[in-house]
Each structure stands twice: as C-alpha cells, then as structure tokens.
Amino acid sequence: MEKLWTGRFAEELDKTADEFNRSISFDSKMIRQDIRGSVAHAHMLGEKGIIPKEDSELIVKTLGEILEDFENGTLAVDMKCEDVHMFVEQELTARIGDAGKRLHTARSRNDQVALDLRLYLRDRVSEIRKKLCDLCFVICEKAEEGADAVMPGYTHLQRAQPITFAHQILAYAMMFTRDIGRFDDAVKRMNYSPLGSCALAGTTYPIDREMTARELGFDGITQNSIDGVSDRDFAVEIMSAASLCMTHLSRFCEEIILYSSWEFKFIELSDRFTTGSSIMPQKKNPDMAELIRGKTGRVTADLFSLLITLKGLPLAYNKDMQEDKEAVFDAIDTLEKSLVVFTPMLDTAKILKNNMREAAKRGFINATDLADYLTKKGVPFRTAYKAVGEIVGFCVKSGKTLEDLTLDEYRGFHDAFEADLFDAIDLDRCVYARTSAGGASPENIKAQTDYVKSFCK
Ligand code: ARG
C-alpha cells in the first residue's frame, strides 16, 4: 500500500526504518476513538461548507461501516500501515475514493493523535473509576464482617495499640477514594479538545472547533494550537494517579502477604487466588498479591519513561511523542488488571478473628490505655507513662501479661491503681473507647463506611 505522504519522496522508505517508525501495533487500540474523532471532524467540515455536504455524509456513513466491520471481525487492521490514523484514512479512501481523501482537510495527525489519546484515556479512566468503586464497596463489606475483629495495630511493624480489622482496611478505602479524586481531577483538566490545532499553527479554513468539541463531549477547546499538539500533561497526570493507586494496592498486598503467612495467620486467601509450589506440597502462595506488588514498579517506571521522553522536547510535535502510548497503555492496563484480580481476592479472603485476638493479647498493646487510666486519675501523663513502662519491664522479665498481674502488684508501681484498671485494659473496651473522630470505635467505623459508600455511589 502506498504511503499517504509519498509526494515529495523519490525513494521508498527503508524496510527496517518503516518497521521502526510504525505505531500501528499499539495505537490500533484507539481505532474507536479515531473514528469517533473523524466523524465529528467530517460533520463539522460539511456543516461549515469546507467540503461538500454529500462528501461529509458519505464519510460519516462509511466510517460507521468501517467501525461495524471492525467490531464484527470482518475488517482486520492492516499492520503494514504506519499508524491507526493512516489505516482508517486508507480504508475510507479505498471504499469511497475522492470523498475519503477530503477528510484530512484542516487536520493533521498531530491534533488527531492528541485528540484520540484524550478520548481513549477518558474512556479507560471511566472503567478504572468503576473498578475502584467496586473495590471500595468490597472493603466496606469486609469492614462490616471484621468490625469486631480486634487485632494489633502496628507501628514499625511492632504491636502498638488495639484496633479492628475494619479500621485497618478502611484506611485503604480512604486511599482509594483519593485515587478516584485524582483521576477525576486529571480527566477534568484533560477534557478540552485539541482538534483544530492542526499541525501546530491552526488553519486558514473556517473551522468550528467548539462544534467538534461539543460533539465529542469535551468541556471546551484548548487555547493555544502549539500547546494543543505538544501537551501530554494529561497522560502524565493519569499515569501519576495510576502509579499512586498501584502504590496503595502494593502496600495492601504487602499486608495481605504478611497476614496470610504462618507467622501472622490473620487471614486465609481463597484457593482461587493462591497457587501451589512445584516441589513443596504444603505451600499456598499469595502470588496474585506478590504480582501486584511487583507490577507497581512497572507502572511507576511508565510514568518516569514519559516524563523523561518529554523533558527535552522542543515545541511542537516531535516523533518522540509516539513513545507516550506504550507507557500510558501499559500503566492503565496494568492497573486495571490488578484491580480485576485484587477485588475478588480480598472479597474471598477469610478473616481469622481468633488469631487476630490472640495476637492482640500479646505485645502489651493496651499499655497506652493503662497509662491513660492513671492520667485520668490525675497522674501527669509522663509519670503514668514511666510507671507503666516499669510494669511492662516487670511483665517481660516474669513472662506475664498486663492482665495477669494482681491489684497489689499494680499498687507496688503506683498507688493510684484501683480494681477498675482491669476494665480499662480490656481489649474490646480499649477499641470501643477510642471515640475520637477517625479512631477505632464502632461509631467511627460506621462513619467511615458511610463516607466511602457515599463517595462511591
Ligand atoms: N503515530 C504518531 C504518534 O503516535 C501520530 C502522529 C504523527 N505525526 C507526525 N507528524 N508524524 O505520535
């Protein structure tokens, strides 16, 4: 097939150069968006009298047929084409001749690709958004199931204070609601049409950019045609949101891996989301969680790769920018695939409440509550802290827990201790009493699930 740009060339493009130059193998993903953009452009060209109305109508009709043939599998993408834009134009021209050749009036592949990528990412992000909401709902359900599952909360991965499993996983729901917000923000800024920027300088044809923008669901048009074709900030922002979202998933996965180890045994993953070993018959490995943790590095690298591609580019379009697509597609694909496996993996995990409670009983995680008990009796906090530190030291030496000591033993450390101290260090009470906003108490957990559910509705 002859190249669309052959006019000024005497020799054919070298075969290896041709292959090197091609983006069709990855940008054909955007065929639907390319056709949608071309339909809007053709409508506008016809409406403004830039091309004959009959040609515009024929173009629109034929583009519809091309899309239909592609969707039902009767039209395969020609992998010999340079890119998806060339493929669609070539197919159109093969079907309707001269009318098809008029489509590219007042347009360049530079504004076309900038448009297609925005349309494509808008569609993909809307899918990601739905999947993040599904995940948030599953977290809320799990939180309701684990509302009474008292477990140690950790700092430095050392047992710190009593919390519930609900409290712990709702922390992740908060991260995911922020991720949704970041995607929404990125889409809001992205949702301006660059179509009509043309190669870089705009055009002398009486085009109506607002008209195509409206038809394509944009909130307006980009203000500067040079920026219109050179800007890839939107891809950077979406990849940045994707990287951070993957980082959140990765931290969650790290905890899932720890919690499902024999050392913790706080949860058990379903057989459907674990794998065996080829040699050790007893193994049940959390491969999915490990893979998501592993893929996070890739998505972050995708973000860096585009930032580095862009950093030295002069205005306006440069072919380097063709490198944007594989990175941003990989980031979005990887995040979506990760969500598709993570959500049901979490949903089907069993919460081992007894093991959580057993862990909560060791590690003196109610020591702060004991110090707070003394403080509430009028002892200055620092003094109370010191007395409890000594009590913990004594328990460690004698192999006891705070619950094992007698009131007399307690009074040996401070005379403000009374019999009600045992209520104050009861694990359930420690959790219920943390009523400060955002804390571990059941009312707070309910407020958090309410927030997440209303955010995601
Ligand atoms: N395949 C190209 C890309 O992805 C389309 C734009 C080509 N523009 C050009 N002036 N060669 O960037």
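Counting convention: from 1, in listed order, for ligands and their atoms alike. In this chain, residues are counted from 1 in sequence order.
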>> Can you confirm whether Tyr205 is buried at OH, in the sense that more than 12 heavy atoms of other residues, nucleotides or ligands lie under 6.0 Å from that atom?
In response: no
> Starting from atom 2 (C) of ligand 1, which protein heavy atom do you reach first, and at what distance in Å?
Replying inline: Gln322 OE1, 3.2 Å
> With a 3.5 Å cut-off and no angle check, do the side chains of Arg298 and Thr334 form a donor-acceptor pair?
Replying inline: yes
> Does an N or O anywhere in Tyr317 fall below 3.5 Å from an N or O of ligand 1?
Replying inline: yes
> Can you tell me which residue and heavy atom of the protein come closest to atom 10 (N) of ligand 1, and the distance to 0.1 Å?
Replying inline: Asn110 OD1, 3.0 Å
> Looking at His43, Arg36, His41, which hits side-chain hydrogen bond (donor to acceptor under 3.5 Å, both in side chains) with Glu215?
Replying inline: His43
> Near Ser23, which atoms of ligand 1 are under 4.0 Å from a heavy atom of that residue?
Replying inline: 1 (N)
>> Give me the nearest non-hydrogen protein atom to atom 11 (N) of ligand 1 as residue plus atom name, then the distance to 0.1 Å.
In response: Arg109 NH2, 3.5 Å
>> Is it the case that over 12 heavy atoms from other parts of the model lie below 6.0 angstrom from the NZ atom of Lys457?
In response: no
> Just by distance, with hydrogens left out, do Arg107 and Thr203 show a side-chain donor and acceptor under 3.5 Å apart?
Replying inline: no
> Can an N or O of Lys325 be found at a distance shorter than 3.5 Å from an N or O of ligand 1?
Replying inline: yes
>> How far is atom 5 (C) of ligand 1 from the closest protein heavy atom, and which atom is that?
In response: Asp83 OD2, 3.5 Å
>> Parallel, tilted or perpendicular, judged at 30° and 60°: which one describes the rings of Tyr154 and Phe266?
In response: tilted
